[in-house]
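See structure below.
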Amino acid sequence: MNPLLQQILPLGNPHLRVKAEPVRDLHDLQLQSDKVLLQEVLEAFRQEHDFGRAIAAPQIGVLRRMIALHLNDRRFVIFNPRIIWHSEETFTMWDDCMCFPSLLVRVRRHKSISVSYRDEDWTEHVWSDVDQPTSELLQHEIDHLDGVLAIDHAITNQDIISREAFQQMPDYFLEKVDYVIPLPAYRKSPLRPERA
């Protein structure tokens with residue numbers, strides 16, 4: 001296993017429950033070091049597991065409002081993201097997390113959101129009417145910035161399951177949700193096990 005993956009905090013670590021501080025100085029040397037580490041951990045996770053689109057700084061114990069993303073072959077970091085609008089329409093899905101990779105959680109998310117954030121040049125942007133795969137991803141990652149985990153959004157206490165249980169009965173569990181992350185979002189989807 002790549003030693004960078006040991007940076008990812010496991011479920012139960014108290015740092016995962018702390019609200020992250022806003023980024024104020026993009027030129028801070030520690031921030032720049034943390035940003036590089038966050039991107040390296042995401043890429044190491046993708047290489048090891050063949051999936052993974054984003055990671056929030058608190059997941060590696062860095063309590064700053066920063067998210068590294070790898071979407072459509074584009075790698076970038078956003079700072080101080082805030083959800084400024086969400087659709088009324090929602091959907092259910094099985095969510096997973098790098099901090100507890102052996103679990104899946106049935107959650108309800110907004111189908112679309114709009115997010116304000118600053119980019120790596122400190123330019124302010126609004127990412128409007130985000131598509132569904134990116135919407136659920138950003139909701140998950142922004143939750144991390146507030147010390148909130150997917151397990152906190154479990155629809156019922158029956159909706160936290162082991163990945164092993166899911167893989168043994170995928171059809172049973174997939175019938176319980178409206179949405180599955182599309183295969184292009186992952187090279188190999190952990191929620192669509194290959195069948196013999």
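These numbers were taken from a predicted model, which means no experiment stands behind them.
Only one option out of Tyr117, Phe79, Phe76 pairs with His125 in a ring pair (Phe, Tyr, Trp, His ring centres under 6.0 Å); it is Tyr117. Across Leu11, Ile161, Asp96, a single residue satisfies side chain to side chain contact (heavy atoms under 4.5 Å, CB included) together with Leu103, and that is Leu11.
Not one N or O on the side chain of Trp122 forms a donor-acceptor pair closer than 3.5 Å with the backbone of Leu26. Here the side chain of Asn72 pairs no donor or acceptor atom with the backbone of Arg74 at under 3.5 angstrom. Side-chain atoms of Arg108 never come within 3.5 Å of backbone atoms of Ile155 as a donor-acceptor pair (strictly under, hydrogens ignored). Side chain of Arg46 to main chain of Gly52: a donor-acceptor pair is present (N/O by atom type, distance under 3.5 Å, no hydrogens or angles). Formation of a donor-acceptor pair under 3.5 Å by the Ser112 side chain with backbone atoms of Asp131 is not found in this model. Under a 3.5 Å cut-off, the side chain of Asn2 and the backbone N or O of Leu4 do form a donor-acceptor pair. Using modelled atom types, one side-chain atom of Asp152 and one backbone atom of Leu149 make a donor-acceptor pair closer than 3.5 Å. Without hydrogens or angle criteria, Asp119 side chain to Asp121 main chain gives a donor-acceptor distance under 3.5 Å. The backbone N or O of Lys176 lies less than 3.5 Å from a partner atom in the side chain of Arg106, making a donor-acceptor pair. With hydrogens and angles ignored, the 3.5 Å screen pairs a side-chain donor or acceptor of Arg65 with a backbone N or O of Leu145.
With rounding to the nearest 0.5 Å, the separation of CG in Asn80 from CD in Glu21 is 10.5 Å. To the nearest 0.5 Å, the span separating CD on Glu175 from CE on Met169 amounts to 10.5 Å. To the nearest 0.5 Å, atom CD1 of residue Ile84 and atom OG of residue Ser128 are 6.5 Å apart. Considering CG of Leu174 and CH2 of Trp94, their distance stands at 9.0 Å, rounded to 0.5 Å. Distance check, rounded to the nearest 0.5 Å: CG of Leu138 to CZ of Arg82 gives 14.0 Å. Atom-to-atom distance recorded for Ile142:CD1 and Ile83:CD1 is 4.5 Å, nearest 0.5 angstrom.
Under the 4.5 Å side-chain heavy-atom criterion for grouping Ile, Leu, Val, Met, Phe, Trp and Tyr, Ile55 is not connected to Val148 through any hydrophobic cluster. The hydrophobic cluster containing Leu16 also contains Val107, counting ILVMFWY residues as joined when their side-chain heavy atoms lie under 4.5 angstrom apart, directly or transitively. Linking Ile, Leu, Val, Met, Phe, Trp and Tyr residues whenever their side-chain heavy atoms come within less than 4.5 Å leaves Ile181 and Ile67 in two separate clusters. Connection of Phe45 to Met66 is established within a shared hydrophobic cluster, with ILVMFWY side chains joined at heavy-atom distances below 4.5 Å, either directly or through further cluster members. When the side chains of ILVMFWY residues are joined at heavy-atom separations under 4.5 Å, either directly or via intervening members, Leu137 and Ile60 end up in two distinct hydrophobic clusters.
A 6.0 Å sphere centred on CZ of Arg17 holds more than 12 heavy atoms belonging to other residues, nucleotides or ligands. The number of heavy-atom neighbours closer than 6.0 Å to CG of Asp25, taken from other residues, nucleotides and ligands shown, is above 12.
Counted by atom type alone, Gln139 and His110 present zero donor-acceptor pairs between their side chains at under 3.5 Å. Side-chain contact check for Asp143 and His153: at least one donor-acceptor pair (N or O, by modelled atom type) lies under 3.5 Å.
Shortest non-hydrogen contact noted between Arg64 and Val23 is CB-CG2, 4.1 Å. The minimum heavy-atom distance between Ile160 and Ala154, with the atom names listed, is CG1-CB, 3.9 Å. For the residue pair Phe100 and Ala150, the shortest heavy atom distance occurs at CZ-CB, 4.2 Å. Of all the heavy atoms in Leu38 and Ala57, the pair that sits closest is CD1-CA, 3.7 Å. Here the closest heavy-atom approach between residue Leu42 and residue Ala54 is recorded as CD1-N, 3.7 Å. Listed here is the closest heavy atom pair of Pro58 and Leu63: CB-CD2, 4.2 Å.
Taking a cutoff of 4.0 Å between a charged side-chain nitrogen and a carboxylate oxygen, Lys111 and Asp178 do not qualify as a salt bridge. Using a 4.0 Å cut-off between charged nitrogen and carboxylate oxygen, Arg118 and Glu124 count as a salt-bridge pair. Note on Arg53 versus Glu136: salt bridge recorded, some NZ/NE/NH1/NH2 to OD/OE distance being below 4.0 Å.
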Exercise. Checking side-chain contact (heavy atoms from CB on, under 4.5 Å) for the pair Glu40/Gln7: CA distance, chi angles, key distance, verdict?
Worked result: CA-CA 10 Å; Glu40 288 176 346; Gln7 299 287 328; over 6 Å; no
For this session: Give the intermediate values and the outcome of side-chain contact (heavy atoms from CB on, under 4.5 Å) for residues His140 and His144.
Result: CA-CA 7 Å; His140 177 107; His144 273 298; 3.3 Å; yes
For this session: Could you please spell out the steps behind the side-chain contact (heavy atoms from CB on, under 4.5 Å) verdict for Glu141 and Gln59?
Result: CA-CA 9 Å; Glu141 301 304 338; Gln59 291 179 266; 3.1 Å; yes
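A 4.5 Å side-chain heavy-atom check between Asp129 and Ser114 finds at least one atom pair inside the cut-off. Looking at heavy atoms from C-beta onward, Glu43 lies out of side-chain contact with Gln39 at the 4.5 angstrom threshold.
Two rings, from Tyr172 and Phe166, have their centers 6.0 Å or more apart.
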